[in-house]
Amino acid sequence: MSIFESAGLKLLRLSNPEFAHNVAIKALNLGLVPKPKTSVFENLKTSICGLELDSPVGLAAGFDKNAEAVDPLLKCGFGFIEVGAVTPKGQPGNPKPRLFRLPKDQAVINRFGFNNLGMDIISERLARRSTKGIVGVNLGANKNSDDRIKDYVKVLQCCAPFVDFATVNVSSPNTENLRNLQEKNSLNDLLDEVMTSRENLENKVPVFLKISPDLTLNQIDDISEIALKMQIDAIVATNTTVDHQGLQSDVNNKHGGLSGRPLFSKSTWVLANLSARLDKKVPLIGVGGIASAEDAYVKLLAGASAVQLYTGLVYNGMGLVTKINKGISEMLSKQHKSNLSDIVGSEREKYQ
Ligand SMILES: Cc1cc2nc3c(=O)[nH]c(=O)nc-3n(C[C@H](O)[C@H](O)[C@H](O)COP(=O)(O)O)c2cc1C
């Protein structure tokens, strides 16, 4: 981390977390954040459902909810980024405060509740991007919608011309009952409509499904079965957890989704179990608690073909992306593996 970046991060950590995040996005947009040194590592190039990635390391949804900083983010070393969640109508989200840092745990709790400017403004921004790179949109539903399934379809139809993939997010804990859409019948109905509408699009983007870490093995069985039946292009495992056990920080009154280090093992367990059931028939994207190249490598060994991160960036800055890229590349070379695909899922039993 440069002195400038480390001073900036310290200053931002002293302020209100949501304000600090908004400042960071504005600073990125204005070119005020020093660009991390990025390099392309030949052995990290990979392809996932037809998307050619320079790196398997992506930016998780929620960091750039309104597609404000797509161009600068694409220059930070990510192989792909995901904006949103985007809902049909703009909405303010839950009352503040709704973002809490837990430094002792290297974690964050958020209960934003899909605050965003809505699909019209965000799709216009996506259309204007000028930097090459893989960009996806995280699809959400409005809080007061009387047909949530239609909401996902509307955002897909509106944003598809300007993105490379879309993620059906049924795993945010901050919109009441949204996670119920993960249940077998509801998920089946939802994905049926989304996949049918995708077939009618000119730009038939790959559709990913993002799931929660708070699942039982039976639920993982059901999700795997439906993902195969519906020919989902990839599964993103996982979103934040509502399980706040074992934290060192005081989390009284801080209900919401927990991310960062305490999520690592839980999300990796879901990932490994999905990997065992799907056995590479559906690619997996591992998310949850990645803050180092070693963490990212474990996700690959547990079954991920690519990874995403968010909270690690809050504590380590954007330079972390290059560190992870470099670290994975070196670990692959040390193991005499020329391709990422050689290690994907190779140790999943360890994490099940
Ligand atoms: C402040 C915040 C907002 C988030 N918003 C979204 C969102 O809108 N949609 C989504 O699918 N995930 C969202 N997430 C979840 C992340 O994409 C990611 O799945 C989760 O934080 C675990 O990864 P991490 O431990 O690297 O942060 C959000 C996470 C945080 C911390």
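One-based numbering, in listed order, for ligands and for the atoms of each.
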Linked hydrophobic residues, V344 as query - side chain contacts closer than 4.5 Å | none

Ligand 1-proximal atoms of F112, by part, heavy-atom distance under 4.0 Å | side chain

Test side-chain contact (heavy atoms from CB on, under 4.5 Å) on V170 and K210 and set out the steps.
-> CA-CA 6 Å; V170 283; K210 183 163 180 182; over 6 Å; no

Could you label the plane-to-plane angle of the Y310 and H21 rings as parallel, tilted or perpendicular, counting under 30° as parallel and over 60° as perpendicular?
-> tilted

Atoms of ligand 1 under 4.0 Å from any heavy atom of L99, numbered from 1 in the order shown, are 1 (C)

Is NZ or CZ of K299 both nearer than 6.0 Å to the six-membered ring centre of F264 and within 45° of the ring axis?
-> yes

Atom 15 (C) of ligand 1 [closest protein heavy-atom partner, distance rounded to 0.1 Å] | N239 OD1, 3.4 Å

Could you tell me which atoms of ligand 1, counted from 1 in the order shown, lie closer than 4.0 angstrom to a heavy atom of K210?
-> 10 (C), 11 (O), 12 (N), 15 (C), 16 (C), 17 (O), 18 (C), 19 (O)

Decide whether an N or O pair under 3.5 Å exists between F114 and ligand 1.
-> no

Which of L284, I134, L53 passes side chain to side chain contact (heavy atoms under 4.5 Å, CB included) with I48? It is L53

Considering the heavy atoms of G288, write down every atom of ligand 1 situated less than 4.0 Å from one of them.
-> 22 (C), 23 (O), 25 (O)

Check the side chains of D147 and S145 for a donor-acceptor pair under 3.5 angstrom, ignoring hydrogens and angles.
-> no

Would you kindly specify which portion of H21 sits under 4.0 Å from ligand 1, judged on non-hydrogen atoms: side chain, backbone, both or neither?
-> neither

How far is atom 20 (C) of ligand 1 from its nearest protein heavy atom, and which residue and atom is that?
-> T240 CG2, 3.9 Å

With hydrophobic residues grouped by side-chain heavy-atom distances under 4.5 Å, do L228 and I211 end up in a single group?
-> yes

What's the spacing between L51 CG and F80 CZ if we round to 0.5 Å?
-> 9.0 Å

Return the residue, atom name and 0.1 Å-rounded distance of the protein heavy atom closest to atom 4 (C) of ligand 1.
-> G62 CA, 3.6 Å

Considering only NZ, NE, NH1 and NH2 on the basic side and carboxylate oxygens on the acidic side, decide whether R277 and E225 come within less than 4.0 Å.
-> no

Are any of the N or O atoms of G289 closer than 3.5 Å to those of ligand 1?
-> yes

Would you mind running through ligand 1 and noting each atom that sits below 4.0 Å from a heavy atom of V287?
-> 18 (C), 19 (O), 22 (C), 23 (O)

Can you tell me the protein heavy atom closest to atom 21 (O) of ligand 1 and the distance?
-> S259 CB, 3.2 Å

Heavy-atom contacts under 4.0 Å between N169 and ligand 1: side chain, backbone, both, or neither?
-> side chain

Could you say whether the N/O atoms of A60 and ligand 1 ever approach to under 3.5 Å?
-> no

Do you see a donor-acceptor pair shorter than 3.5 Å between the side chains of S186 and D189?
-> no

Closest to atom 22 (C) of ligand 1 among L258, V168, L263, V236 (heavy-atom distance) | L263

Would you call D54 and K132 a salt bridge, taking side-chain N to carboxylate O under 4.0 Å as the test?
-> no

With heavy atoms and a 4.0 Å threshold, my read on which part of N138 contacts ligand 1 is side chain

Touching ligand 1 at all, T238? Heavy atoms, strictly under 4.0 Å?
-> yes

Would you call G84 a ligand 1 contact, heavy-atom distance under 4.0 Å?
-> yes

Side chains of N138 and E82: donor-acceptor distance under 3.5 Å anywhere?
-> yes

Considering only the protein, which heavy-atom contact is closest to atom 26 (O) of ligand 1, and what is its distance?
-> Y310 N, 3.0 Å

Taking atom types as modelled and ignoring hydrogens, do the side chains of K229 and N188 form a donor-acceptor contact shorter than 3.5 angstrom?
-> yes

Would you call K266 and D214 a salt bridge, using N to O less than 4.0 angstrom?
-> yes

Which protein non-hydrogen atom lies closest to atom 28 (C) of ligand 1, naming both residue and atom, and how far is it?
-> A61 O, 3.7 Å

Would you say N110 and ligand 1 have an N/O pair spaced under 3.5 Å apart?
-> no

Where ligand 1 meets T311 - atom numbers and elements under 4.0 angstrom, heavy-atom basis = 24 (P), 25 (O), 26 (O), 27 (O)

Under 4.0 Å from any heavy atom of G260, which atoms of ligand 1 are there?
-> 25 (O)

